[in-house]
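Since the model is a prediction, treat every value here as computed from it, not as a measurement. Atom set for the values below is all heavy atoms of this structure, side chains included, hydrogens, waters and symmetry mates excluded. Throughout, protein chains are lettered first and strands after them, A, B, ... in sequence-line order, and every chain is numbered starting at 1.
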There are 2 protein chains.
Amino acid sequence: MMKRMKAVISYDGSGFAGYQVQPGHRTVQLELEKVLTSMHKGTLVRVSASGRTDAGVHAIGQVIHFDTSLSIPEDRWQKALNVQLPADIRVMSVEEAPEGFHARFSATGKVYRYKWSLTPVHSPFERFHTTHVTYPLDIARMREAAAYFIGTYDFTSFCSAKAEVEDRVRTIHRLEFERHGDQLHLVIQGNGFLYNMVRIIAGTLFDIGIGKKDPTDIPGILEEKDRRAAGKTAPAQGLYLEKVIYGK
Amino acid sequence: MMKRMKAVISYDGSGFAGYQVQPGHRTVQLELEKVLTSMHKGTLVRVSASGRTDAGVHAIGQVIHFDTSLSIPEDRWQKALNVQLPADIRVMSVEEAPEGFHARFSATGKVYRYKWSLTPVHSPFERFHTTHVTYPLDIARMREAAAYFIGTYDFTSFCSAKAEVEDRVRTIHRLEFERHGDQLHLVIQGNGFLYNMVRIIAGTLFDIGIGKKDPTDIPGILEEKDRRAAGKTAPAQGLYLEKVIYGK
């Protein structure tokens, strides 16, 4: 009998050309499918995620699903997968998926985290896991700007020009800054995110933090619906997919 | 005029075959000497460290010295080096060394830190930077055992059998455990450490934490002066050279 399994996975994106399978590249999906296909004695097992992550982007709580005919008890799946997966991907939990569950289509929201390191020298231990900032950042200005993102807007200005999706209206429920020692984190929650959207929002808030843009510029940038109106795309290595939300 | 410069450096040991130059391997010393030699237009500049670190071992505050004829102002050296060094080595500070200073021979003490990660699953972000422990550790027992190391002893039992040094008497001034979230850190300070000494002490304290040895076994293990009496050498990836002490 086929069962659909839902798993929460964490990965260090620094060794991957992103989540999605791409011929000739090491990707998270490839490693997951290799292990599952081997467990199914060569029958290809497809893995669906809540969404892709780019090369270098990390995940704390990415969610995937796959269908299986194996009769492995629910509580054995985590260990069975972790034993075979490379150490830069870890399965944090596995459960039988609720009826009709789809990692991508059932998702109702996502939380991302963007980490800047504010130390004078970028720690060698953080080099793939934070974006180093040497400019002084005015966090009060960044917080002021953050408030303008809360709500439902057309985020065309904060979406890669390469994106092909048509509906660019998304809702941001939360955008907060947290200070953790020498790091500044941006935590953003929304009902969905366009291609590069979190990184462009982070890059634009960075511009505001260094005084290159004003908090009150945000409504105008949204209004323009033009990628060129926003700031640069912040580097991949600071970005973490923290959580995928299902249900309310 | 030749000047001797003293620098504090930090490195992520996971990409290096250790500190010391070894033909055909990427080492910390090699990378430092490459940059300095290039700055000196091809004249080989030798770098001396407070001591070697093994493959995979990290440094927060390793100290090195080198001699230079360049007239770079003291406050420019750090940036000049960091611009050319790979991102897994960072120079934290540079100053002109006091008269007669030698990174190794002037050192009067060292502080090492050993990090265990106690999470059920080893975080992919910690895989090269902590040792993962799945057994429950009895930290009270480990603290009890730690007390037996404080003082001056012949540490032959806690020294790699491969070591060639004759005088194996060392003084441990401090051995403490710190809890940092899901991590347990062992912090050890002494006047000097034998080859693999911190890792063998960590491995032995781990055995005590899991109940395989007793805290009161330590005096007997020291007494035996035999490497086989102590526990296993703990893995390199959990070890950090935290600080080198000069003077009192």
Side-chain angles (χ1 to χ4, degrees), chain A residues 7-16 19 26 28 31-32 53 56-62 75 77-83 85-94 113 115 117 119-132 134 180-183 235 237-242, chain B residues 7-16 19 26 28 31-32 53 56-62 75 77-83 85-94 113 115 117 119-132 134 180-183 235 237-242:
Chain A
V8 178
I9 63 170
S10 175
Y11 47 85
D12 176 347
S14 42
F16 295 105
Y19 172 80
R26 181 172 186 257
V28 178
E31 295 294 340
L32 291 166
T53 52
V57 172
H58 314 290
I60 301 294
Q62 169 70 290
D75 62 351
W77 269 103
Q78 184 188 10
K79 202 161 188 183
L81 290 166
N82 278 339
V83 163
L85 282 166
D88 49 355
I89 307 177
R90 291 292 88 185
V91 175
M92 307 312 283
S93 65
V94 186
R113 183 177 290 265
K115 298 187 183 180
S117 170
T119 50
V121 172
H122 202 188
S123 162
F125 304 102
E126 296 291 341
R127 68 195 193 283
F128 296 129
H129 302 115
T130 57
T131 294
H132 189 230
T134 45
H180 294 268
D182 285 327
Q183 293 184 6
Q237 80 246 17
L239 185 62
Y240 295 72
L241 170 55
E242 183 150 295
Chain B
V8 178
I9 62 169
S10 175
Y11 47 85
D12 177 346
S14 42
F16 295 104
Y19 172 79
R26 181 172 187 259
V28 178
E31 296 293 340
L32 292 165
T53 52
V57 173
H58 314 291
I60 302 293
Q62 169 71 289
D75 62 351
W77 269 102
Q78 183 188 11
K79 202 161 188 184
L81 289 166
N82 280 337
V83 163
L85 282 166
D88 49 356
I89 307 177
R90 292 290 89 185
V91 175
M92 306 312 283
S93 64
V94 185
R113 184 176 290 265
K115 298 187 183 179
S117 170
T119 48
V121 172
H122 202 187
S123 161
F125 305 101
E126 295 292 341
R127 68 195 192 284
F128 297 129
H129 302 115
T130 58
T131 294
H132 188 230
T134 45
H180 293 268
D182 286 326
Q183 293 184 5
Q237 80 245 19
L239 185 62
Y240 295 73
L241 171 55
E242 182 149 295

* Structure fact -> When every non-hydrogen atom of B/Pro124 is compared with those of A/Arg90, the smallest separation belongs to CD-CG, 3.8 Å

* **chain A-proximal positions within residues 8-16 of chain B [heavy-atom distance under 4.5 Å]** => B/Ser10, B/Tyr11, B/Asp12

* To do: Just jot down the side chain to side chain contact (heavy atoms under 4.5 Å, CB included) partners of B/Ser117, sequence neighbours excluded, or say none.
  => B/Thr119, B/His122, B/Thr130, B/His132

* **Residue list, side chain to side chain contact (heavy atoms under 4.5 Å, CB included) with A/Ile60, at least two apart or on another chain** => A/Tyr240, B/Phe125

* So, for A/Val91 and B/Val121, which heavy atoms are closest and what is the spacing to 0.1 Å? -> O-CG2, 4.0 Å

* **Residues that B/Pro86 engages under side chain to side chain contact (heavy atoms under 4.5 Å, CB included), provided they are two or more places apart** => B/Arg26, B/Glu31, B/Asp88, B/Ile89

